[in-house]
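Take a look at the structure set out below.
Counting convention: from 1, in listed order, for ligands and their atoms alike.
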Amino acid sequence: MTLKGKTALVTGSTSGIGLGIAQVLARAGANIVLNGFGDPAPALAEIARHGVKAVHHPADLSDVAQIEALFALAEREFGGVDILVNNAGIQHVAPVEQFPLESWDKIIALNLSAVFHGTRLALPGMRARNWGRIINIASVHGLVGSTGKAAYVAAKHGVVGLTKVVGLETATSNVTCNAICPGWVLTPLVQKQIDDRAANGGDPLQAQHDLLAEKQPSLAFVTPEHLGELVLFLCSEAGSQVRGAAWNVDGGWLAQ
Ligand code: NAD
């Protein structure tokens with residue numbers, strides 16, 4: 001399958017899952033709009049290896065004006081976005097009564113509202129070109145809860161709901177919208193939770209094992225490449241009637 005001539009915008013793609021997905025899409029021939037914090041040079045170099053064009057925009061997606069600037073860049077450089085992967089997300093763990101108000105606002109803004117804004121900005125061009133794919137990286141926490149993750153679980157359930165609505169509103173077109181719901185993937189976001197468990201002299205390897213053993217029956221991490229390959233399938237003709245789905249890739253987490 002080739003995505004030559006298509007443009008993919010992957011939010012939060014300077015590290016972790018977003019970078020892994022961007023690499024798989026670039027390997028299939030898509031030009032890439034990268035976004036995220038930190039030095040973008042390593043990510044841009046990874047993408048360039050595939051002989052496609054890539055640009056980076058450092059938009060903070062908790063700010064609507066910056067989201068609009070990101071899409072304006074994609075329009076200027078590539079004439080629009082064919083594949084939108086709404087991936088950027090953050091986590092904060094605290095009991096609901098002690099949840100910091102600013103963390104709640106930031107998580108809802110980035111993990112949920114930015115998905116709405118990206119979708120509304122990408123859809124008109126997709127409809128005009130009569131092809132598009134919107135893929136929202138939700139989480140198993142879009143389908144079940146866990147303690148300490150009030151804002152994250154609320155936002156991800158919201159993303160799964162939004163995905164259904166957009167899937168329905170585009171159902172008779174060649175635009176599809178789906179969510180992917182990963183279990184544990186070993187990225188900086190999860191490493192922080194492992195480090196927190198191992199704080200006060202705990203064994204990091206034991207902390208990693210305990211984190212998996214609590215929820216993920218395979219006792220193995222999902223990888224960004226696994227998720228990238230599923231994104232690629234959703235971009236293919238075979239994936240064209242998957243609409244409004246929330247597809248878990250979770251080592252068995254939700255089978256329990
Ligand atoms: P990560 O921390 O490795 O990467 C997050 C990316 O988002 C980075 O590029 C970062 O710069 C960017 N980012 C952070 N705040 C931003 C902001 N305000 N504006 C723009 N970009 C911002 O995280 P990850 O684990 O790769 O997570 C990616 C997505 O996958 C998130 O939505 C997360 O909720 C979801 N997810 C992760 C896991 C997991 O186990 N890692 C499981 C399920 C779902």
With the threshold set at 4.0 Å, does a side-chain nitrogen-carboxylate oxygen contact exist between [X] and [Y]?
X    : Y    : answer
R129 : D82  : yes
E229 : R27  : yes
E169 : R243 : no
E68  : R120 : yes

query: Does the side chain of W184 come within less than 4.5 Å of V140's, by heavy atoms?
result: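 Result no, sub-4.5 Å side-chain heavy-atom pair not found.
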
message: Any non-hydrogen side-chain atom of F221 less than 4.5 Å from a side-chain atom of V185?
response: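 No, every pair of side-chain atoms sits at 4.5 Å or beyond.
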
Is the contact between [X] and ligand 1 made by the side chain, the backbone, both, or neither, using heavy atoms and a 4.0 Å cut-off?
X    : answer
L61  : both
T187 : side chain
S13  : backbone

Counting only nitrogen or oxygen atoms and a 3.5 angstrom limit, does [X] reach ligand 1?
X    : result
Y152 : yes
V185 : yes
L110 : no
K106 : no

Any atoms of ligand 1 less than 4.0 Å from a non-hydrogen atom of [X]? List them with their elements.
X    : answer
I137 : 30 (O), 32 (O), 35 (C)
K156 : 31 (C), 32 (O), 33 (C), 34 (O)
D60  : 17 (C), 18 (N), 19 (N)
G36  : 11 (O), 21 (N)
W184 : 40 (O)
V190 : 39 (C), 40 (O), 41 (N)
N35  : 20 (C), 21 (N)
A88  : 7 (O), 21 (N), 32 (O)

- request: To the nearest 0.5 Å, tell me how far T11 OG1 sits from L110 CG.
  value: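 The OG1 atom of T11 sits 7.5 Å away from the CG atom of L110.
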
task: Supply the atom-to-atom distance N174 CG to E237 CD, rounded to the nearest 0.5 angstrom.
output: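 With rounding to 0.5 Å, CG (N174) is 8.0 Å from CD (E237).
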
Considering [options] one by one, which has a heavy atom nearer to [atom] than any of the others?
atom                    : options            : value
atom 44 (C) of ligand 1 : G89, G183, A138    : A138
atom 29 (C) of ligand 1 : I17, V222, N87     : N87
atom 3 (O) of ligand 1  : S15, G20, G12, A59 : S15

So which heavy atom on [X] is nearest to which on [Y], and how close?
X    : Y    : result
L73  : H57  : CD2-CB, 3.7 Å
A114 : N86  : O-OD1, 4.2 Å
T176 : V242 : CB-O, 3.8 Å
V222 : G183 : CG2-N, 4.4 Å
Q216 : D250 : CG-O, 3.3 Å

Give the residue and atom name of whichever protein heavy atom lies nearest to [atom], and the separation in Å to one decimal.
atom                    : answer
atom 16 (C) of ligand 1 : F37 CE1, 3.5 Å
atom 9 (O) of ligand 1  : T14 OG1, 2.8 Å
atom 43 (C) of ligand 1 : P182 O, 3.3 Å
atom 23 (O) of ligand 1 : L189 CB, 3.5 Å

task: Check the pair K215 / S146 against side-chain hydrogen bond (donor to acceptor under 3.5 Å, both in side chains), numbers first and verdict last.
output: CA-CA 10 Å; K215 302 277 187 183; S146 288; 3.1 Å; yes

query: Can F221 be said to touch ligand 1, with heavy atoms closer than 4.0 Å?
result: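 Outside the 4.0 Å threshold, so no.
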
